[in-house]
Amino acid sequence: MKILVINAGSSSLKYQLMDMEDETVIAKGLCERIGIEGSNLQHRPTGKEQVRIEKPMANHTQAIEIVLAALTDPVHGVISSMDEISAVGHRVLHGGEKFAGSFVITPAVMDVIRENIPLGPLHNPANIMGIEACQQVMPNTPMVAVFDTAFHQSMPPKAFMYAIPKDYYTRLHVRKYGFHGTSHRYVAQRTAEFLGQDAKGLRIITCHLGNGCSMAAIVDGKCMDTSMGLTPLEGMVMGTRSGDLDPAVVGFICEQEHMDVQDCMTMLNKKSGLLGISGFSSDMRDILAAVDEGNADAKLALDMFVYRIRKYIGSYAAAMGGVDAVVFTAGIGENNPRIRELCVEGLGFLGIAIDHEKNAQRGGERDISAPGSTVRTLVIPTDEELVIARDTRDLVCG
Ligand code: AMP
């Protein structure tokens, strides 16, 4: 059984074709500049040469047509016909409060994704375009929506409510939703499997540190708290997002700078975080290189990034009444031993300590805990596409 996983952005479309017999990737790729001059497809068939196809893509439907042509191409293709694709799984950002799991896409499910556009104004419309494009080109293929917010729906009200007049929750659904849910869910599940323990009884802190960063407190395999909020802006210091701040900062800056709220939100989402503090880059690799050259702003950005993570580890340990495992994942979390080391430095009082040699080694899933530490510190590479493909298979094939 072959499943196509789609992650549609406003002008991009990522895809991965998976063979669910052995859960391997047969081909993956990326369409860029959809609807803009210079549209192109980078197609990577496993075991064959990568190709770049420059072709106009006026919309997502044309992009999908070009992807399917590449997948079935006699030279670069990996399947003989699109009938070999049993189902399509779509990543959808915001499921609001209606979706605590993944769902087969029906007109009613589409209505709810549309209803949630105010909560995900940039992503949900793009996700809808991706779904509609696939439906047009593959009208008889079942499709499944997998929501970034779904895993976090198990949070209790004390964790997801904001202490503002309750009416804003009742009328406008203002609350913490959390994102990267598919990643936190995968990593927590793999952690239990890696440790050879039942998820029940395990208290895990997952640290998804990539371009966007979020953390989650997971008890018995269920999310109890997470750092992102109504939008992905809350929580950690990220590449270009500020994370937590006093909401009065928005009012103050708008008033002092005669800035409108929308511009202020753009500043907090796109010009803040590592980029805002360092003044030159949102990429942790650049920040670390500049720290080594003595750049004081880069050092401040790094210190703030790490300090926020340490604070959250402490607060989640307190919220869960202890912690059994701390897990690092995503671009920074998987690849950078120095950041992992800084994040847990001095947390020995919680039982968290890492072995420097194990931490320095590269590889897949691994335990980097120091001997004798009571909390296991792990690195687990995330695989959101695999979760989407599995959910799609399970829902379509029962
Ligand atoms: P992701 O969002 O998970 O794809 O992560 C992408 C981010 O990971 C990039 O923006 C980089 O900042 C960061 N990254 C990737 N590799 C490394 C590395 N070796 N050291 C530090 N940061 C890294």
Side-chain angles (χ1 to χ4, degrees), residues 5 7-9 12-16 25 28-30 32 42 44 91 93 122-123 148 151 178-188 190 206-216 226-228 231-233 235-243 269-293 295 297-306 308-309 327-345 354 356 358-366 368 378-388:
V5 175
N7 182 358
S12 69
L13 188 142
K14 277 194 214 153
Y15 63 93
Q16 195 159 305
V25 178
K28 60 181 173 181
L30 166 69
E32 285 181 311
Q42 292 147 51
R44 283 194 235 156
R91 180 180 184 178
L93 181 85
L122 298 178
H123 294 83
D148 246 35
F151 178 64
F179 299 87
H180 294 145
T182 313
S183 174
H184 290 289
R185 177 178 141 208
Y186 174 79
V187 167
R190 282 301 306 151
T206 45
C207 310
H208 178 112
L209 311 178
N211 199 18
C213 301
S214 67
M215 289 174 58
T226 191
S227 58
M228 285 178 166
T231 75
L233 183 55
M236 324 319 301
V237 173
M238 310 180 213
T240 62
R241 297 188 196 120
S242 64
N269 273 298
K270 303 229 182 264
K271 298 180 186 167
S272 300
L274 297 176
L275 174 65
I277 297 295
S278 71
F280 65 89
S281 179
S282 62
D283 192 313
M284 185 53 88
R285 288 165 290 200
D286 299 338
I287 301 291
L288 290 170
V291 170
D292 292 341
E293 285 164 9
N295 184 309
D297 288 336
K299 175 74 169 63
L300 176 61
L302 172 65
D303 287 348
M304 291 170 68
F305 181 88
V306 165
R308 185 85 47 96
I309 293 166
V327 193
F328 289 97
T329 195
I332 302 171
E334 289 167 28
N335 297 310
N336 201 285
R338 188 165 161 192
I339 297 291
R340 291 194 295 265
E341 183 147 356
L342 291 169
C343 288
V344 301
E345 201 174 62
I354 59 174
H356 305 298
K358 285 190 207 156
N359 184 38
Q361 281 161 15
R362 300 201 137 262
E365 295 179 351
R366 55 209 189 272
I368 57 169
L378 307 180
V379 180
I380 304 272
T382 193
D383 197 340
E384 287 157 278
E385 287 78 14
L386 179 58
V387 178
I388 296 172

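The structure displayed is predicted, hence computed values, not measured ones. Remember, it's 1-based here, ligands and their atoms both numbered in the order they're listed.
- For ligand 1, residues of the protein lying within 4.0 angstrom by heavy-atom distance are Gly210, Asn211, Asp283, Met284, Arg285, Ala330, Gly331, Ile332, Asn335, Asn336.
- Of all heavy-atom pairs between Pro381 and Thr329, the closest is C-OG1, 3.7 Å.
- Using cut-offs of 30° and 60° for the angle between ring planes, the His180 and His208 rings count as parallel.
- Applying the ring pair (Phe, Tyr, Trp, His ring centres under 6.0 Å) rule to Phe179 yields the partners His94; only residues at least two apart in sequence or on another chain are considered.
- Listed here is the closest heavy atom pair of Ser272 and Ser242: CB-N, 3.7 Å.
- Heavy atoms from other residues, nucleotides or ligands lying under 6.0 Å from CZ of Arg338 number more than 12.
- The shortest heavy-atom contact between Gln361 and Arg366 is O-NE, 3.2 Å.
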